[in-house]
There are 2 protein chains.
Amino acid sequence: MGVSERVVGRLILYRRLLKDLADEGAGYVFSHELAARAKSTAAQVRRDLMVLGYMGSPARGYAVRDLIAALSVFLDAPERQKVALVGVGNLGRALLAYFVGRHPQFTIAVAFDADPQKVGRVVNGCPIHAMDSLGQVARQEGIDLAIIAVPAPEAQAVAAELYKAGIRGILNFAPVRLWAPEGVYVEHLDMTMSLGRVAYFGRR
Amino acid sequence: MGVSERVVGRLILYRRLLKDLADEGAGYVFSHELAARAKSTAAQVRRDLMVLGYMGSPARGYAVRDLIAALSVFLDAPERQKVALVGVGNLGRALLAYFVGRHPQFTIAVAFDADPQKVGRVVNGCPIHAMDSLGQVARQEGIDLAIIAVPAPEAQAVAAELYKAGIRGILNFAPVRLWAPEGVYVEHLDMTMSLGRVAYFGRR
DNA sequence: GTAACGCTGTGAAACTTTTCACAAGGATTC
DNA sequence: GAATCCTTGTGAAAAGTTTCACAGCGTTAC
Ligand SMILES: NC(=O)c1ccc[n+]([C@@H]2O[C@H](COP(=O)([O-])OP(=O)(O)OC[C@H]3O[C@@H](n4cnc5c(N)ncnc54)[C@H](O)[C@@H]3O)[C@@H](O)[C@H]2O)c1
Ligand SMILES: NC(=O)c1ccc[n+]([C@@H]2O[C@H](COP(=O)([O-])OP(=O)(O)OC[C@H]3O[C@@H](n4cnc5c(N)ncnc54)[C@H](O)[C@@H]3O)[C@@H](O)[C@H]2O)c1
């Protein structure tokens with residue numbers, strides 16, 4: 001009964017596209033219209049939406065507002081989820097600047113860094129803490145997710161600290177395959193691999 | 001006879017792991033050892049490596065140096081590939097800082113930005129050009145790949161300029177599904193989707 | 001020399017994901 | 001009211017991906 005990573009990814013995309021449609025004033029949308037925006041097919045969209053239980057009308061299609069609501073019930077936690085950023089370097093700063101205030105369902109509530117120069121500062125409204133306070137601060141703030149943006153050799157050790165602190169999900173930017181205990185979800189976002197793939201497929 | 005995106009991605013990962021092994025002084029490696037580092041299985045590794053034509057020895061496993069060489073023949077273009085970065089904002093600057101000098105097979109040779117304040121400056125050894133010189137500079141420099149790091153509403157128009165300039169592959173960071181003509185490969189690296197997935201799966 | 005071992009390469013099975021195809025059904029037209 | 005149209009939801013087929021399982025083989029042990 002579990003929904004696959006791919007389906008969840010596409011549902012997130014559909015919700016974004018539906019929000020655009022709502023802003024454009026659309027009341028209803030057909031699966032083939034959503035598919036055109038998602039660069040996918042109508043059958044794929046309908047199959048994906050089956051997991052929601054929400055049903056469209058054969059005559060009008062899907063009610064945009066209602067479908068966004070159904071997607072949000074499915075995708076979002078009941079309360080806003082708090083995220084910790086570990087590693088406030090070049091990438092970490094860009095992430096802080098980007099995610100602040102943009103997404104209602106998650107906030108980067110705190111950041112951590114090993115550099116004493118950075119500890120104590122506040123970047124984009126987000127305080128930077130020392131690494132040795134990770135466990136304490138994470139529990140105190142009720143953090144359940146983390147982003148790893150530290151150099152590759154540090155990533156596994158940082159992940160281990162996060163597991164100890166009770167984190168349930170990690171988005172890892174370091175080009176390292178992390179070990180994770182049962183029950184913790186890790187997504188590897190590997191930019192170098194992506195660029196390598198573009199280089200490979202862009203050439204044939 | 002085409003190799004799938006997934007297989008290419010894993011081959012890129014294996015090469016990285018093999019380079020670590022080479023640095024550690026390993027001469028040979030077994031599929032199950034590589035699998036352990038890749039958080040995968042021995043059968044998967046062996047199946048993936050089949051596309052290379054290179055064959056390991058049943059007694060010793062794979063010769064690390066030779067396998068890296070075979071992977072490089074398969075993955076890399078004959079000459080170094082040049083990449084253009086479009087959009088030198090928070091993310092673009094982080095990418096410039098990161099990719100400079102790090103990867104032998106591709107270089108970010110030039111950048112482009114719409115902001116006149118940024119045009120003419122050189123960041124991490126990479127000159128920033130105006131958007132209206134994109135076609136000319138790209139052809140002159142022999143650029144074949146591009147990274148899009150402009151705000152979402154600008155991304156599709158930027159992509160269209162890149163197609164005109166003859167670019168063959170794009171790595172897109174904007175949370176927008178780009179249309180692409182036949183023969184151009186586009187990879188969407190959607191951080192918001194990734195974080196959304198971490199939020200979803202980290203919670204159950 | 002030969003037996004035992006533990007690996008690789010790969011057909012075939014199992015599983016997952018996508019696509020097809022069509023019954024059922026509202027809206028609109030006549 | 002009946003006919004037409006174009007949609008949805010979903011079983012079933014097709015396509016793609018991973019895992020299993022084992023023949024074959026180089027190495028080592030004796
Ligand atoms: N910058 C990019 O565009 C880019 C691209 C691809 C991959 N990455 C990956 O993202 C990660 C971060 O990249 P970056 O460019 O921001 O690096 P960076 O060197 O600019 O920043 C790293 C930050 O992590 C901190 N840090 C180091 N060790 C730490 C530890 N043990 N605990 C906590 N904090 C620690 C440092 O003080 C620094 O602030 C790296 O793994 C890199 O490979 C970055
Ligand atoms: N910063 C992040 O961590 C992050 C995270 C997720 C997604 N993204 C995506 O990456 C993209 C870039 O993000 P950012 O934070 O660097 O934004 P940014 O606003 O800091 O930078 C955007 C840059 O693009 C330039 N630009 C604007 N319009 C342009 C055009 N038409 N042609 C060329 N250049 C143009 C601007 O001058 C600016 O330098 C956005 O699409 C954003 O959604 C960024």
Side-chain angles (χ1 to χ4, degrees), chain A residues 1-14 17-18 21 26-71 74 177 188 193 197 200-201, chain B residues 1-14 17-18 21 26-71 74 177 188 193 197 200-201:
Chain A
M1 215 238 88
V3 178
S4 76
E5 298 185 6
R6 282 166 163 239
V7 172
V8 171
R10 286 193 301 259
L11 292 176
I12 291 168
L13 171 61
Y14 300 152
L17 299 172
L18 285 161
L21 277 160
Y28 286 85
V29 66
F30 292 124
S31 61
H32 65 262
E33 296 172 309
L34 209 44
R37 289 179 182 238
K39 303 289 181 290
S40 179
T41 66
Q44 180 78 83
V45 169
R46 293 203 301 275
R47 173 74 56 193
D48 290 340
L49 296 183
M50 275 179 75
V51 304
L52 301 180
Y54 172 79
M55 289 199 164
S57 134
R60 300 182 192 286
Y62 303 93
V64 174
R65 283 262 152 248
D66 295 354
L67 187 49
I68 291 173
L71 281 162
F74 181 85
R177 235 61 199 175
H188 293 97
M193 180 189 287
R197 259 201 302 234
Y200 178 86
F201 288 107
Chain B
M1 214 236 87
V3 179
S4 75
E5 298 184 7
R6 281 163 165 243
V7 173
V8 171
R10 285 192 301 258
L11 292 176
I12 291 168
L13 171 61
Y14 299 152
L17 299 172
L18 285 162
L21 277 159
Y28 287 86
V29 66
F30 293 123
S31 61
H32 66 262
E33 295 173 311
L34 209 44
R37 290 181 183 236
K39 304 288 181 290
S40 179
T41 66
Q44 179 78 82
V45 169
R46 293 203 302 277
R47 171 75 54 194
D48 290 339
L49 296 182
M50 275 179 73
V51 304
L52 302 180
Y54 172 79
M55 289 201 164
S57 135
R60 299 181 191 286
Y62 303 93
V64 174
R65 282 264 150 248
D66 295 354
L67 188 48
I68 291 173
L71 281 162
F74 181 86
R177 237 59 201 175
H188 292 98
M193 180 189 288
R197 261 202 299 237
Y200 179 86
F201 288 106

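When reading the values below, keep in mind they use all heavy atoms of this one structure, side chains included, and skip hydrogens, waters and symmetry mates. Lettering follows sequence order; numbering is per chain, from 1.
Comparing D/dT19, D/dT8, C/dT19 against the side chain of A/Tyr62 picks out D/dT8 as the nearest. Comparing atom distances between the A/Met50 side chain and each of D/dT10, C/dG11, D/dT8 picks out D/dT10 as nearest. Of the candidate nucleotides C/dT10, D/dT7, C/dT19, C/dT19 has the atom lying nearest to any side-chain atom of A/Gln44. Residue B/Arg6 places its side chain closer to D/dT17 than to any other of D/dT17, C/dT17, C/dA12.
Atom-to-atom, CG of B/Leu67 to P of C/dT8 comes out at 11 Å; the value is rounded to the nearest Å. Rounding to whole angstrom units, CD of residue B/Glu33 and C1' of C/dT8 are separated by 14 Å. Note: OH (A/Tyr28) to C1' (D/dT8) measures 14 Å, nearest angstrom. A/Leu49 has its CG atom 10 Å from the P atom of D/dT8, to the nearest Å. Distance CZ (B/Phe30) to P (C/dC7): 6 Å, rounded to an integer number of Å. For B/Lys39 and D/dT18, the NZ to P distance is 18 Å, given to the nearest whole Å. Across the protein-nucleic acid pair, B/Glu5 atom CD and D/dT18 atom P stand 12 Å apart, rounded to whole Å. Rounded to an integer number of Å, the gap from A/Asp48 CG to C/dT16 C1' is 14 Å.
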Kindly list each side-chain donor-acceptor pair under 3.5 angstrom involving residues 53-67 of chain B, sequence neighbours excluded, with atom names and distances?
residue: B/Tyr54; atom: OH; partner: B/Ala63; partner atom: N; Å: 3.1
residue: B/Ser57; atom: OG; partner: B/Ala59; partner atom: N; Å: 3.0
residue: B/Ser57; atom: OG; partner: B/Arg60; partner atom: N; Å: 2.9

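Between B/Ser4 and A/Gly61, the residue anchored nearer the 5' end of DNA chain D, judged by the nucleotide with its closest heavy atom, is A/Gly61.
Side chains of B/Val51 and B/Val8 form no contact here, defined as non-hydrogen atoms less than 4.5 Å apart. Taking the side chain as every heavy atom from C-beta outward, A/Gln44 and A/Thr41 approach each other to under 4.5 Å. B/Val7 has its side chain within reach of B/Ser4: a pair of non-hydrogen atoms, C-beta onward, lies under 4.5 Å apart.
Judged purely by atom type and a 3.5 angstrom limit, B/Arg197 uses its side chain to pair as donor or acceptor with the backbone of A/Glu5. With hydrogens and angles disregarded, no donor-acceptor distance shorter than 3.5 Å links the side chain of A/Arg10 to the backbone of A/Val45.
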Exercise for the section: Encode nucleotides 21-30 of chain C as B, S and - characters from 5' to 3', where the letter depends on protein heavy atoms closer than 4.0 Å: B to the base, S only to sugar-phosphate, - to neither. Expected result: B-----S---
Exercise for the section: Let me see the working for A/Val29 and A/Leu17 under side chain to side chain contact (heavy atoms under 4.5 Å, CB included), right down to the final yes or no. Expected result: CA-CA 11 Å; A/Val29 66; A/Leu17 299 172; over 6 Å; no
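A donor-acceptor contact under 3.5 angstrom links the side-chain atoms of B/Arg47 to the base of D/dT19.
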